[in-house]
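None of these values were measured; they are calculated from a predicted model. Reminder, nothing fancy here: chain letters follow the sequence lines and each chain counts from 1.
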2 protein chains.
Amino acid sequence: MPEKKKVFLNEETFLQQYNADDYVHPSVAADMVIFTVMDAPEANYRKLPEKQLCVLLIRRGMYPFLGQWALPGGFVRPNETVGNAARRELREETGLDNVYMEQLCTFSEPDRDPRTRVISCAHMALVNSANLQLAAGDDADRAAWFRCSSQLLSESRETHTMGCTITKRSLFHLSGENVQINCTLEHKISHTTHSVTDEYTIIENTGLAFDHARILALALERLRSKLEYTGIALHLMPARFTLTQLQQVYEVILGRSLLAAAFRRKIAPLVRGTDEYTSDAGHRPSQLFERNWDNIAELI
Amino acid sequence: MPEKKKVFLNEETFLQQYNADDYVHPSVAADMVIFTVMDAPEANYRKLPEKQLCVLLIRRGMYPFLGQWALPGGFVRPNETVGNAARRELREETGLDNVYMEQLCTFSEPDRDPRTRVISCAHMALVNSANLQLAAGDDADRAAWFRCSSQLLSESRETHTMGCTITKRSLFHLSGENVQINCTLEHKISHTTHSVTDEYTIIENTGLAFDHARILALALERLRSKLEYTGIALHLMPARFTLTQLQQVYEVILGRSLLAAAFRRKIAPLVRGTDEYTSDAGHRPSQLFERNWDNIAELI
DNA sequence: TCAATAGTGTCTATGAGACAGTATGCA
DNA sequence: TGCATACTGTCTCATAGACACTATTGA
């Protein structure tokens with residue numbers, strides 16, 4: 001097999017003379033979708049507190065998108081991976097380390113940031129609300145948990161010659177202390193004989209900076225689909241919990257109610273009963289369970 | 001909510017004065033794992049040709065890793081997304097456009113490229129071998145299809161206090177015209193009460209450049225898992241195919257044989273029968289099917 | 001006592017795995 | 001004729017959905 005260009009240098013010399021600036025370099029950032037599930041305050045002493053899925057947002061103190069809300073994120077430093085950068089952001093905002101985190105997707109539309117070209121690698125983290133306290137850092141007064149819900153607005157399907165296009169429109173509602181944010185996204189999946197496209201478009205957006213509505217939509221979709229076939233939800237639970245609490249977490253994320261009997265059967269291998277029970281609840285006490293990591297690890 | 005730093009400029013002025021070079025910029029590349037399934041030449045006129053899963057590799061003509069084999073890839077240009085860059089590479093190497101492609105993962109270990117810092121966003125593409133012909137471009141004489149197979153060498157599980165670690169070791173074998181490449185990878189999933197790690201380590205590598213063995217391992221894993229719950233395999237098929245051919249594609253990717261009856265039931269909604277049949281086969285003719293995109297799109 | 005939740009038993013529908021059995025073209 | 005593949009019928013088993021039913025606390 002012939003070489004096209006003759007190589008004159010040895011490897012050491014080549015690497016010394018290599019000039020990275022021959023190429024254009026975008027900025028690279030890591031963004032974090034940090035989810036937790038919190039209890040809503042409940043009036044009736046007998047009723048269980050309602051669960052709410054929450055996402056951490058930071059109010060922007062600079063242009064662009066000044067005053068709008070954004071996902072926590074920042075630029076990747078020379079000696080860290082994008083994952084390290086994401087974990088650093090998480091630690092800075094929540095004081096938490098060692099939580100479940102996974103890479104979602106890399107967003108690279110050339111104009112996604114009006115300042116300059118920024119390629120962002122989005123991550124999702126799940127934290128347990130029990131030991132949650134926003135860090136007293138620089139950004140602390142700008143960070144807030146937003147209650148997060150979504151709703152399918154419409155779904156249409158169009159069959160054309162040798163292909164099919166499915167369009168789904170969803171409304172994402174984020175509710176903070178004094179702020180309400182609504183984003184409508186359109187998700188279009190188009191199949192033809194020789195190509196597949198899968199694109200999200202932001203139709204309406206009342207206050208989420210950059211393309212963060214899209215990132216959030218993707219994170220929520222990933223979280224939902226992983227609920228079904230992994231034990232990912234257990235990362236949102238405290239060390240000990242009741243099966244009803246766990247079921248509530250599933251329900252609030254999936255946006256639909258589940259049947260207790262089937263739910264218990266399904267998650268049985270992922271938990272281990274303890275000899276502790278709840279009390280003072282105004283109704284029958286409930287057994288407390290803990291995670292059974294042995295079987296959760298199986299399902300990553 | 002108070003602003004920490006007072007903002008002196010308006011947005012327009014801010015954007016004009018913004019200097020992207022305040023931050024360190026890594027290079028960003030897109031790498032492609034291009035899979036296809038080809039027929040092995042078969043001696044016996046009666047037997048069906050065996051299917052082989054193949055991946056496209058490029059022989060490196062430059063340092064580093066001179067002479068070794070690498071995934072097709074290249075740097076992302078100023079006005080394209082990482083997906084655009086990946087598609088451009090695909091077109092340059094195979095002449096193909098409009099094929100199934102998805103983003104896999106972004107690799108960003110600071111030392112993954114000895115030249116300089118390169119963050120790479122890995123993609124996977126599936127092409128149908130029917131209209132395959134390597135492009136006569138610059139790199140054409142260095143591009144080759146490698147038969148790809150993998151084998152689980154060992155799997156161990158260690159339960160420790162409040163956690164569990166699963167370690168899997170797999171051997172990847174790549175077989176080209178005159179080259180054999182073996183890579184042994186270790187995949188370690190570790191769960192503890194407050195963290196999950198999921199890391200691949202290259203244990204042995206006889207000829208794949210950079211961390212491309214890891215990327216390939218991830219791509220193969222993704223392809224396998226998507227076979228189970230999507231119609232992704234249909235992108236590897238020509239316009240018309242028999243159900244046995246489709247089953248062979250599943251079998252060669254999953255690395256195990258399937259029962260025909262169950263397989264046909266499972267994929268029935270994804271295909272549509274035609275009135276064409278194979279002939280001259282030395283055995284009973286087989287009905288030809290085509291894709292039913294309506295139901296495939298459902299399962300993205 | 002009763003509101004509210006905790007927890008179980010079981011019927012049914014569905015889908016995958018297993019395997020036997022029938023169908024068919026061509027050297 | 002028989003090899004090799006094509007294709008179907010049906011039994012079994014595992015699992016999810018549905019729902020009825022019993023159990024238990026504390027104001």
request  = Give a yes or no on whether the backbone of A:Glu155 and the side-chain of A:Arg169 come within a donor-acceptor separation of less than 3.5 Å.
outcome  = no
query = Between B:Thr94 and B:Val127, is a side-chain contact (heavy atoms from CB on, under 4.5 Å) present by the stated rule, with each step listed?
reply = CA-CA 9 Å; B:Thr94 66; B:Val127 308; 5.5 Å; no
ask   = Nearest to the side chain of A:Tyr45 - D:dT8, D:dA27, D:dT5?
value = D:dA27
request  = Determine the contact category for A:Leu243: base if any of its heavy atoms lies under 4.0 Å from a base atom, sugar-phosphate if only primed atoms, P, OP1 or OP2 are that close, otherwise nothing.
outcome  = nothing
request  = Among C:dA18, D:dA4, C:dT5, find the nucleotide with the atom closest to the side chain of B:His283.
outcome  = D:dA4
query = Closer than 4.0 Å, any side-chain N/O of B:Thr244 to the OP1 or OP2 of D:dT5?
reply = no
ask   = Do the non-hydrogen side-chain atoms of A:Val33 and A:Phe35 ever get within less than 4.5 Å of each other?
value = yes
query = Between D:dA6 atom C1' and B:Leu246 atom CG, what is the distance in whole Å?
reply = 15 Å
query = Rounded to whole angstrom units, what separation is found between the CD atom of A:Glu228 and the P atom of D:dA16?
reply = 11 Å
Distance, rounded to the nearest Å, where A:Phe263 contributes CZ and C:dA6 contributes C1' = 14 Å
message = Here's a test of your reading of the structure: between B:Ala260 and B:Lys47, which maps to the more 5' nucleotide of DNA chain D?
response = B:Lys47
message = Taking the ring centre of each residue, are A:Phe263 and A:Tyr250 less than 6.0 Å apart?
response = yes
request  = Among the candidates C:dA16, C:dA4, D:dA23, find the nucleotide nearest to the side-chain atoms of B:Lys266.
outcome  = C:dA16
ask   = Just how far, in rounded Å, is C1' of C:dG21 from CG of B:Leu259?
value = 15 Å
ask   = Side chain of B:Arg46, base of D:dA4: donor and acceptor closer than 3.5 Å?
value = no
ask   = When the distance from NZ of A:Lys51 to C1' of C:dT5 is rounded to whole Å, what number comes out?
value = 15 Å
inquiry  = Other residues, nucleotides and ligands only: do more than 12 of their heavy atoms fall within 6.0 Å of NZ on A:Lys188?
reply    = no
inquiry  = Measure CD/A:Gln287 against C1'/C:dT5 and give the value in whole Å, please.
reply    = 15 Å
For atom CZ of B:Arg284 and atom P of C:dG25, their distance in whole Å = 8 Å
A:Gly282 or A:Pro285, whichever maps to the more 5' nucleotide of DNA chain C = A:Gly282
ask   = How is B:Ala261 classified with respect to the nucleic acid when contacts are heavy atoms under 4.0 Å: base, sugar-phosphate, or nothing?
value = base
query = Is there a donor and acceptor pair, one atom on the side chain of A:Arg265 and one on the base of C:dG9, closer than 3.5 Å?
reply = no
inquiry  = Distance check needed: C:dA6 P versus A:Phe241 CZ, whole Å only.
reply    = 14 Å
message = Classify A:Ser279 by what it touches in the nucleic acid, base, sugar-phosphate, or nothing, heavy-atom distance under 4.0 Å.
response = nothing
ask   = For C:dG7, does OP1 or OP2 lie under 4.0 Å from any side-chain N or O of A:Arg264?
value = yes
